[in-house]
*Asks:* 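Structure provided below as structure tokens; questions to follow.
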Amino acid sequence: MEKKYRVGIIGATGMVGQRFATLLENHPWFEVTVLAASTRSAGKTYEEAAGNRWALKTPMPEAMKNMVIADAANVEEVASQADFVFCAVDMKKEDIRALEEAYAKAECPVVSNNSAHRFTPDVPMVIPEINNAHLAVIEAQKKRLGTKKGFIAVKSNCSLQSYVPAIHPLMKYGVTKVLACTYQAISGAGKTFERWPEMVDNVIPYIGGEEEKSEQEPLKIWGSVENGVIVKAASPSITAQCIRVPVSDGHTAAVFVELEQKPSMEQIIKDWESYSGRPQELQLPSAPKHFLHYFTENDRPQIKSERNLENGMAVSVGRLREDTQYTIKFVCMSHNTLRGAAGGAVLLAELLCAEGYI
């Protein structure tokens with residue numbers, strides 16, 4: 001790609017915003033030209049605003065340290081400096097919806113990490129390897145918004161990215177029921193152990209709103225575009241339990257699946273290992289070469305050895321076996337701030353650019 005896209009990060013000082021900054025530092029297609037955050041950070045350099053709160057092991061990009069933070073509320077000012085923006089703000093949902101629509105109406109496409117628009121019927125919620133066809137709904141969204149270029153596209157909840165990719169290749173066998181228990185890292189709450197010492201040597205069996213998202217969002221991902229909106233799939237029925245565990249990064253899921261057909265275990269593993277999607281076909285910069293990796297060892301996948309697989313963009317699967325209540329059960333794991341959050345949004349942006357939407 002000869003000309004780089006000018007990119008903004010809204011919510012640049014938060015943990016996901018920081019992750020966006022590090023992922024975009026040397027991106028072959030994208031160049032960060034504007035950083036935006038709340039009024040309290042506006043006017044400060046990125047280093048002044050976020051330096052003391054830097055939560056990642058990867059250091060703050062040198063080229064961004066002296067960039068002056070813009071006020072995210074000054075939509076026209078920020079939009080004029082970018083071809084599109086990533087959004088990862090910490091606000092009330094109704095305020096996020098209004099802010100993202102304001103950027104879209106300013107003809108600045110928004111690739112959002114936030115949950116506020118995930119159930120807006122004409123906003124695609126995309127895992128690029130699974131439901132890239134949902135991008136077609138963008139044209140209807142632009143008509144509603146009255147825009148030529150501006151629109152909103154979102155990524156799904158981070159915990160879904162650990163188990164929905166493993167279920168997807170099995171849909172052809174008639175998935176009727178899913179039980180998913182997720183064990184989620186503290187970075188999913190935007191925290192580190194230094195900021196959340198009560199999580200050390202602890203497990204919290206509740207994450208607000210997470211179980212509802214885990215049960216409903218997959219149905220939109222597996223839905224279809226009809227008459228300018230995305231209609232949710234009627235099945236499978238999904239029940240979820242979401243637990244916070246003392247892990248820095250990486251969400252694990254124990255998954256139980258009921259199938260109408262009963263393929264062999266060898267066939268299921270073959271389905272996983274051979275599965276690829278549009279990002280692999282297009283060879284997008286952030287796409288893992290192999291989306292799903294199956295591990296035969298009884299004690300894999302593990303957080304420490306697998307979370308950074310393929311730059312944290314692959315999904316790891318293991319422990320496939322028959323179950324006494326469901327047809328099969330297995331364990332999955334993905335990096336929640338890479339594949340699950342910022343990295344998944346960067347991959348979505350690459351797909352939007354490659355397909356001509358941006």
Side-chain angles (χ1 to χ4, degrees), residues 126-133 156-184 214-215 217-224 233-242 250-281 287-303 305-307 309-310 312-336 339-340 344 347:
V126 177
I127 298 176
E129 286 88 350
I130 294 177
N131 62 326
N132 60 293
S156 71
N157 182 266
C158 55
S159 65
L160 268 64
Q161 315 262 350
S162 62
Y163 63 90
V164 168
I167 295 171
H168 185 69
L170 310 182
M171 295 293 278
K172 62 187 177 183
Y173 301 121
V175 177
T176 58
K177 290 195 302 181
V178 174
L179 185 159
C181 297
T182 62
Y183 306 89
Q184 301 185 204
S214 298
E215 292 170 354
E217 288 187 20
L219 299 178
K220 182 173 180 179
I221 291 167
W222 285 320
S224 57
S235 63
S237 63
I238 304 171
T239 184
Q241 187 116 274
C242 300
H251 288 353
T252 299
V255 188
F256 302 77
V257 178
E258 182 73 21
L259 301 171
E260 291 177 333
Q261 301 174 40
K262 194 173 181 181
S264 67
M265 301 297 108
E266 292 77 16
Q267 181 59 53
I268 291 173
I269 293 170
K270 183 179 178 182
D271 290 334
W272 283 334
E273 292 184 331
S274 63
Y275 185 82
S276 65
R278 188 65 171 151
Q280 287 72 38
E281 181 183 343
K289 185 176 180 181
H290 298 290
F291 184 34
L292 303 170
H293 291 248
Y294 185 78
F295 292 85
T296 58
E297 300 90 338
N298 286 331
D299 61 352
R300 306 276 290 278
Q302 293 183 19
I303 292 289
S305 53
E306 271 74 69
R307 65 182 162 199
L309 195 62
E310 300 218 36
M313 292 298 288
V315 175
S316 301
V317 191
R319 299 207 69 208
L320 172 68
R321 57 222 191 274
E322 293 183 359
D323 184 60
T324 57
Q325 304 296 316
Y326 289 72
T327 310
I328 57 171
K329 56 188 172 184
F330 50 88
V331 175
C332 309
M333 194 276 297
S334 65
H335 196 303
N336 59 297
R339 164 55 72 169
L347 182 62

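Each residue takes its place number in the sequence, starting with 1.
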*Asks:* Roughly how far, to the nearest 0.5 Å, is SG of Cys181 from CD of Gln241?
*Replies:*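 Spacing of CD (Gln241) from SG (Cys181) equals 5.5 Å.
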*Asks:* Please report the interatomic distance CZ(Phe330) to CE(Met265), rounded to the nearest 0.5 Å.
*Replies:*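 Output value for this atom pair is 10.5 Å.
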*Asks:* Between Leu259 and Pro263, is any pair of side-chain heavy atoms under 4.5 Å apart?
*Replies:*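 Yes, side chains in contact.
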*Asks:* What closest approach, in Å, do Leu292 and Ala166 show between heavy atoms, and which atom pair accounts for it?
*Replies:*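 In this case the closest contact between Leu292 and Ala166 is CD2-N, 4.2 Å.
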*Asks:* To the nearest 0.5 Å, what is the distance between CG (Leu309) and OG (Ser334)?
*Replies:*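 OG of Ser334 is found 11.5 Å from CG of Leu309.
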*Asks:* Got a sec, which residues hit salt bridge (charged side-chain N to carboxylate O under 4.0 Å, His left out) with Glu297, two or more places apart in sequence or on another chain?
*Replies:*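 Glu297 satisfies salt bridge (charged side-chain N to carboxylate O under 4.0 Å, His left out) with Arg300 only.
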*Asks:* Identify the two heavy atoms, one from Met313 and one from Pro288, that lie closest to each other, and give their separation to 0.1 Å.
*Replies:*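 Where Met313 meets Pro288 most closely, the heavy atoms are O-CG, 3.4 Å.
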*Asks:* Show me the donor-acceptor pairs, under 3.5 Å and distance only, between side chains in residues 314-325 and residues at least two apart or in other chains.
*Replies:*
| residue | atom | partner | partner atom | Å |
| --- | --- | --- | --- | --- |
| Arg321 | NH1 | Arg319 | O | 2.5 |
| Asp323 | OD1 | Lys329 | NZ | 3.2 |
| Asp323 | OD2 | Gln325 | N | 3.0 |
| Asp323 | OD2 | Tyr326 | N | 2.7 |

*Asks:* Pair up each side-chain donor or acceptor in residues 170-180 with any protein partner under 3.5 Å, not counting sequence neighbours, and list the distances.
*Replies:*
| residue | atom | partner | partner atom | Å |
| --- | --- | --- | --- | --- |
| Lys172 | NZ | Asp271 | OD1 | 3.2 |
| Tyr173 | OH | Asp271 | OD2 | 2.5 |
| Thr176 | OG1 | Glu258 | O | 3.4 |

*Asks:* Compare every heavy atom of Val164 with every heavy atom of Pro218, then report the nearest pair and how far apart it is.
*Replies:*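 Shortest heavy-atom separation between Pro218 and Val164 comes out as CG-CG2, 3.8 Å.
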*Asks:* Set out, in order, the CA-CA distance, both residues' side-chain angles and the distance that settles side-chain contact (heavy atoms from CB on, under 4.5 Å) for Glu310 and His293, then state yes or no.
*Replies:* CA-CA 10 Å; Glu310 300 218 36; His293 291 248; 2.8 Å; yes
*Asks:* Check Ala287 against Gln280 and note the closest heavy-atom contact, atom names and distance.
*Replies:*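 Between these two residues, the closest heavy atoms are CB-NE2, 4.1 Å.
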*Asks:* Does the side chain of Val255 reach to within under 4.5 Å of the side chain of Cys332, using non-hydrogen atoms?
*Replies:*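 In contact.
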*Asks:* How long is the gap from CZ on Phe291 to CD1 on Ile130, to the nearest 0.5 Å?
*Replies:*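 If we round to the nearest 0.5 Å, Phe291:CZ and Ile130:CD1 are 5.0 Å apart.
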*Asks:* List the steps, then state whether side-chain contact (heavy atoms from CB on, under 4.5 Å) holds for Ser159 with Gln184.
*Replies:* CA-CA 7 Å; Ser159 65; Gln184 301 185 204; 3.3 Å; yes
*Asks:* Would you name the heavy atoms of Gly312 and His335 that are closest together and state the gap between them?
*Replies:*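 Minimum heavy-atom contact is O-CB, 3.6 Å.
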*Asks:* Quick one: do Tyr275 and His290 satisfy ring-ring contact (aromatic ring centres under 6.0 Å, His included)? Show the steps, please.
*Replies:* CA-CA 8 Å; Tyr275 185 82; His290 298 290; over 10 Å; no
*Asks:* With sequence neighbours left out, write down each residue that passes salt bridge (charged side-chain N to carboxylate O under 4.0 Å, His left out) with Glu281, or none if nothing qualifies.
*Replies:*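 Scan of Glu281 (salt bridge (charged side-chain N to carboxylate O under 4.0 Å, His left out), adjacent residues dropped) gives Arg278.
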*Asks:* Residues two or more places apart in sequence or in another chain: which of them pass ring-ring contact (aromatic ring centres under 6.0 Å, His included) with Tyr294?
*Replies:*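 Tyr294: ring-ring contact (aromatic ring centres under 6.0 Å, His included) contacts with Trp272.
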*Asks:* Taking all atoms of both residues into account, what is the closest heavy-atom pair of Pro279 and Leu347, and its distance?
*Replies:*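 So the minimum-distance heavy-atom pair works out to CB-CD1, 4.0 Å.
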*Asks:* State which residues pass salt bridge (charged side-chain N to carboxylate O under 4.0 Å, His left out) with Glu129; sequence neighbours excluded, sorted by chain then number.
*Replies:*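 By the salt bridge (charged side-chain N to carboxylate O under 4.0 Å, His left out) rule, Glu129 matches Arg339.
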*Asks:* May I ask you to check whether Gln161 and His251 show a side-chain donor-acceptor distance below 3.5 Å?
*Replies:*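 No.
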*Asks:* Tell me, do Thr327 and Val257 make a side-chain contact under 4.5 Å, heavy atoms counted?
*Replies:*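 Result no, sub-4.5 Å side-chain heavy-atom pair not found.
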*Asks:* Verify, without hydrogens or angle tests, whether Asn336 (side chain) and Cys158 (backbone) share a donor-acceptor contact under 3.5 angstrom.
*Replies:*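 Checking the backbone N and O of Cys158 against the side chain of Asn336, no donor-acceptor pair under 3.5 Å is found.
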*Asks:* Just how far is it from atom OG of Ser276 to atom NZ of Lys289, taken to the nearest 0.5 Å?
*Replies:*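 Here the interatomic distance stands at 12.0 Å.
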*Asks:* Walk me through whether Cys242 and Tyr183 qualify under side-chain contact (heavy atoms from CB on, under 4.5 Å).
*Replies:* CA-CA 6 Å; Cys242 300; Tyr183 306 89; over 6 Å; no
*Asks:* Would you say the side chain of Thr182 lies within less than 4.5 Å of the side chain of Thr252, judging by non-hydrogen atoms?
*Replies:*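 The answer is no; the side chains never approach within 4.5 Å.
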*Asks:* Evaluate the side-chain contact (heavy atoms from CB on, under 4.5 Å) criterion for residues Ser156 and Ile221: first the C-alpha distance (whole Å), next the side-chain angles of each, then the deciding distance (0.1 Å), finally the verdict.
*Replies:* CA-CA 8 Å; Ser156 71; Ile221 291 167; 3.8 Å; yes
*Asks:* Under 6.0 Å from the CG atom of Asp299, do we count more than 12 heavy atoms belonging to anything else shown?
*Replies:*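 Counting other residues, nucleotides and ligands, CG of Asp299 exceeds 12 neighbours.
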*Asks:* Is there side-chain contact between Leu219 and Pro236, with heavy atoms separated by less than 4.5 Å?
*Replies:*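 Touching, per the 4.5 Å side-chain cut-off.
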*Asks:* Could you tell me whether the side chain of Glu217 and the main chain of Asn157 form a donor-acceptor pair under 3.5 Å?
*Replies:*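 Flag set: sc Glu217 to bb Asn157 pair under 3.5 Å.
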